[in-house]
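Read the structure below first, then the notes.
Throughout, residue positions are numbered sequentially from 1 according to the sequence presented. Note that the structure is predicted; figures quoted are calculated from it, not measured.
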Amino acid sequence: LSRGLYLLIREATNARNLDALLPVITPANARRVCFCTDDRTPVDLLAMGSVDHMVRRAIDFGIDPLEAIRMATLNPAEWFGLRHAGAVAPGRTANLFVFDDLRRPEARMVFSHGRLVARDGRMIADRGSASTAGVASPVGRCDVNWEKVRWDVPARPGQLRVIGSLADQLVTEHRLMKPTLAGGVAVADVSRDLLKMLVIERHNGTGNSGVGFIQGFGLRRGAIAGTVAHDHHNLVTIGADDLSMKSAARAAAAMGGGLAVAVGENIVARLPLPVGGLMSDRPLTEVADGYARVVAAARELGSPLADPLMAMSFMALEVIPALKLTDQGLVDVEQFKIVNLFT
């Protein structure tokens, strides 16, 4: 801010930075601050909202309501160079919402391009009459060469490099730990919250896979898996034992992409994401219900995280420090190079 930049404050499902940054905002710098979100789940969208939720939180914190609304409207429009948006004025697109309480802005009416499209939380505009007759439902593709995937980690001298997952953050720690060995291989150890993690290439059937260990997910048994894994969106699984991990990973792949939770060979919850393994073509409320079941199942296995599936999706994002796992192996992001699992 002191150097003339804009500050974009993000509040996502798994990266919650709003409360930490609200004290930074002052009347002198508020015009250079924008609210934004990122990777917000259907459950959170329905329960709390999106950027509008941030506006209400900012007002509760003590930010002037007009400044809070500006940080969600005019400021980001100016930053993005959207001269047609962001304000109620001649020459601006009439995208606006009407609310009753300045200290608690909740949409009573929503206008899009000057047309009333929603009232009291319900869509009233025509969603379009395009026919879907003869159009096939989306079919996801998950091309995994299971024969080449390596699940075991042969024991070697030295300590393990372990991804240290932090609650509500995308950054991780680079931890060094003594491995737990069984039959000449390094294995998960739930007594130390030391879980195994695999990232499996799923787009071209190469069989590439990276294996590592992670702390912070708290699973006491079973495994979770999914094809939402920024930015390569390969197949990721984290678990307490290999059988559960294999079951969860195969279940996610069998759906053409999606999320799955398994205990041993039993799939206890799943959510298909047939559009690229990332999205669903089903109604929002239906997807939210399915997502809630998957998250609840993961938490039932012992994870204390608010959303273990969303947290997992960032553990393979090799551009955010400090240690991440990809299908090419373990990445030390601060050195920006692949490193050995054992030091």
Side-chain angles (χ1 to χ4, degrees), residues 142-165 172 174-227 229 232 234-254 259-268 298 301-303 308 311-313 315-316 318 323-332 337-343:
C142 204
D143 187 4
V144 176
N145 187 336
W146 295 106
E147 297 300 320
K148 291 186 177 181
V149 177
R150 289 293 305 272
W151 296 87
D152 62 316
V153 180
R156 296 177 186 174
Q159 291 184 301
L160 276 176
R161 301 181 194 269
V162 176
I163 299 171
S165 175
T172 61
H174 185 162
R175 299 174 183 172
L176 298 178
M177 298 181 62
K178 180 180 178 181
T180 296
L181 305 178
V185 297
V187 296
D189 184 349
V190 296
S191 69
R192 296 191 290 160
D193 187 22
L194 184 64
L195 302 175
K196 186 186 281 189
M197 176 177 172
L198 252 77
V199 179
I200 305 167
E201 195 279 322
R202 72 169 178 101
H203 304 290
N204 297 304
T206 63
N208 290 343
S209 59
V211 62
F213 290 86
I214 189 166
Q215 265 192 326
F217 271 70
L219 297 178
R220 305 296 297 177
R221 59 195 179 99
I224 59 178
T227 54
H232 45 72
N234 283 315
L235 176 58
V236 182
T237 180
I238 295 173
D241 66 272
D242 286 1
L243 179 58
S244 297
M245 294 174 69
K246 291 176 182 178
S247 298
R250 286 183 176 273
L259 308 173
V261 180
V263 177
E265 296 181 334
N266 182 33
I267 307 301
V268 295
L301 299 183
S303 178
M312 179 176 67
S313 73
M315 295 302 104
E318 70 276 29
L323 196 64
K324 297 292 168 69
L325 181 67
T326 75
D327 66 309
Q328 303 295 310
L330 201 59
V331 178
D332 183 326
K337 69 177 186 180
I338 296 175
V339 294
N340 292 325
L341 182 57
F342 288 86
T343 61

Test salt bridge (charged side-chain N to carboxylate O under 4.0 Å, His left out) applied to [X] - qualifying residues, sequence neighbours left out:
X: Asp189; answer: Arg192
X: Arg250; answer: none
X: Asp332; answer: none

[X]: side chain to side chain contact (heavy atoms under 4.5 Å, CB included) partners, not counting sequence neighbours:
X: Leu243; value: Asp241, Ser247, Glu265
X: Val185; value: Asp152, Val187
X: Asn340; value: none
X: Ala251; value: Ala260, Ile267, Arg270

Checking Glu201 side chain against His203 main chain: does a donor-acceptor pair fall under 3.5 Å? yes
Restricting to side chain to side chain donor-acceptor pair (under 3.5 Å), what partner residues turn up for [X], sequence neighbours left out?
X: Lys324; result: none
X: Asn145; result: none
X: Thr172; result: none
X: Glu318; result: none

Pairwise salt bridge (Lys or Arg N to Asp or Glu O under 4.0 Å) hits with a residue in residues 202-225, at least two apart: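 Residue pairs with at least one partner in residues 202-225: there are none.
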